[in-house]
K.L.:
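Below you will find the structure I want to go over with you.
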Amino acid sequence: MDLHPLHSPSLAVGTRIKALRARLGISQTRLAELARLHPSNLGRLERGTSNPNLDTLVRVATALGTTVSELTRSIATRTHEQEAPAPRPLLPREPRHWTHDEWDA
């Protein structure tokens with residue numbers, strides 16, 4: 001399954017991190033210090049070019065004063081909407097009327 005780059009989970013998380021960092025008015029270098037990451041690693045994370053592990057997400061979320069679920073909330077819905085097929089009805093819209101010949105087949 002290949003998602004369009006604009007809809008990749010890594011990019012969605014990175015965009016969210018960057019937006020929260022900007023809202024707090026802190027630099028990328030300062031967030032990297034608070035999260036105990038190298039600034040270049042945080043830059044790759046924000047650009048969506050690296051896949052963070054859970055420990056990294058926890059450290060970044062803590063440094064931003066938020067939760068991992070808040071960092072990832074937008075990706076679950078977008079990813080599932082793109083991947084999941086449309087739900088099929090449990091029953092046909094109109095009942096099927098079988099003919100005698102079909103029952104014998």
Side-chain angles (χ1 to χ4, degrees):
M1 165 206 64
D2 289 335
L3 294 176
H4 188 279
L6 294 177
H7 298 116
S8 78
S10 297
L11 183 56
V13 169
T15 300
R16 185 91 176 118
I17 290 169
K18 186 175 182 176
L20 290 171
R21 178 179 62 76
R23 188 181 307 158
L24 292 173
I26 60 176
S27 70
Q28 202 176 59
T29 302
R30 180 63 182 143
L31 179 57
E33 290 171 1
L34 293 170
R36 299 183 327 271
L37 295 173
H38 192 277
S40 64
N41 290 345
L42 181 62
R44 284 191 296 275
L45 185 64
E46 285 189 357
R47 289 188 305 277
T49 58
S50 71
N51 290 318
N53 63 33
L54 183 57
D55 291 338
T56 299
L57 285 177
V58 168
R59 290 198 319 258
V60 171
T62 301
L64 290 169
T66 190
T67 63
V68 172
S69 61
E70 182 63 25
L71 293 179
T72 60
R73 74 177 162 81
S74 62
I75 65 169
T77 304
R78 271 193 235 142
T79 302
H80 288 276
E81 285 174 356
Q82 291 172 354
E83 294 175 11
R88 294 185 345 224
L90 296 176
L91 299 173
R93 293 180 189 238
E94 295 181 21
R96 169 133 179 171
H97 298 287
W98 296 90
T99 65
H100 183 67
D101 292 335
E102 290 174 317
W103 281 104
D104 291 339

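Counting begins at 1 with the first residue of the sequence. Below, all heavy atoms of this structure are taken into account, side chains as well, without hydrogens, waters or symmetry copies.
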K.L.:
The criterion is side chain to side chain contact (heavy atoms under 4.5 Å, CB included); which residues satisfy it with Gln28, sequence neighbours excluded?
P.N.:
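Only Arg21, Leu42, Glu46 meet the side chain to side chain contact (heavy atoms under 4.5 Å, CB included) criterion with Gln28.
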K.L.:
I'd like to check the salt bridge (charged side-chain N to carboxylate O under 4.0 Å, His left out) partners of Arg44; sequence neighbours left out, ordered by chain and number.
P.N.:
none
K.L.:
Using the test side-chain hydrogen bond (donor to acceptor under 3.5 Å, both in side chains), find all partners of Thr67 that sit at least two apart in sequence or belong to another chain.
P.N.:
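So Thr67 forms a side-chain hydrogen bond (donor to acceptor under 3.5 Å, both in side chains) with Ser69.
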K.L.:
Sort out for me which residue in Val13, Leu34, Leu45 forms a side chain to side chain contact (heavy atoms under 4.5 Å, CB included) with Val60.
P.N.:
Leu45
K.L.:
Just grab all the side-chain hydrogen bond (donor to acceptor under 3.5 Å, both in side chains) pairs involving residues 54-64, residues at least two apart or on different chains.
P.N.:
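Those involving residues 54-64 are Asn53-Thr56.
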K.L.:
Which atom names give the shortest non-hydrogen contact between Pro52 and Leu57, and what distance separates them?
P.N.:
CG-CD2, 3.7 Å
K.L.:
Run the side-chain hydrogen bond (donor to acceptor under 3.5 Å, both in side chains) test against Arg30 and tell me which residues pass, sequence neighbours left out.
P.N.:
Glu33
K.L.:
Could you pull out all residues at least two apart from Thr15 that satisfy side-chain hydrogen bond (donor to acceptor under 3.5 Å, both in side chains)?
P.N.:
none
K.L.:
Let me confirm one number: the CZ-OG1 distance from Arg16 to Thr66, rounded to the nearest 0.5 Å.
P.N.:
7.0 Å
K.L.:
At their closest point, which heavy atom of Asn41 faces which heavy atom of Ser50, and how far apart are they?
P.N.:
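Asn41 and Ser50 have their closest heavy atoms at O-OG, 4.5 Å.
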K.L.:
Would you check if Leu64 and Leu71 make a side-chain contact, meaning some heavy-atom pair closer than 4.5 Å?
P.N.:
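Result yes, sub-4.5 Å side-chain heavy-atom pair found.
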K.L.:
Can you name the salt bridge (charged side-chain N to carboxylate O under 4.0 Å, His left out) partners of Arg36, sequence neighbours left out?
P.N.:
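Listed in chain order: nothing, the list is empty.
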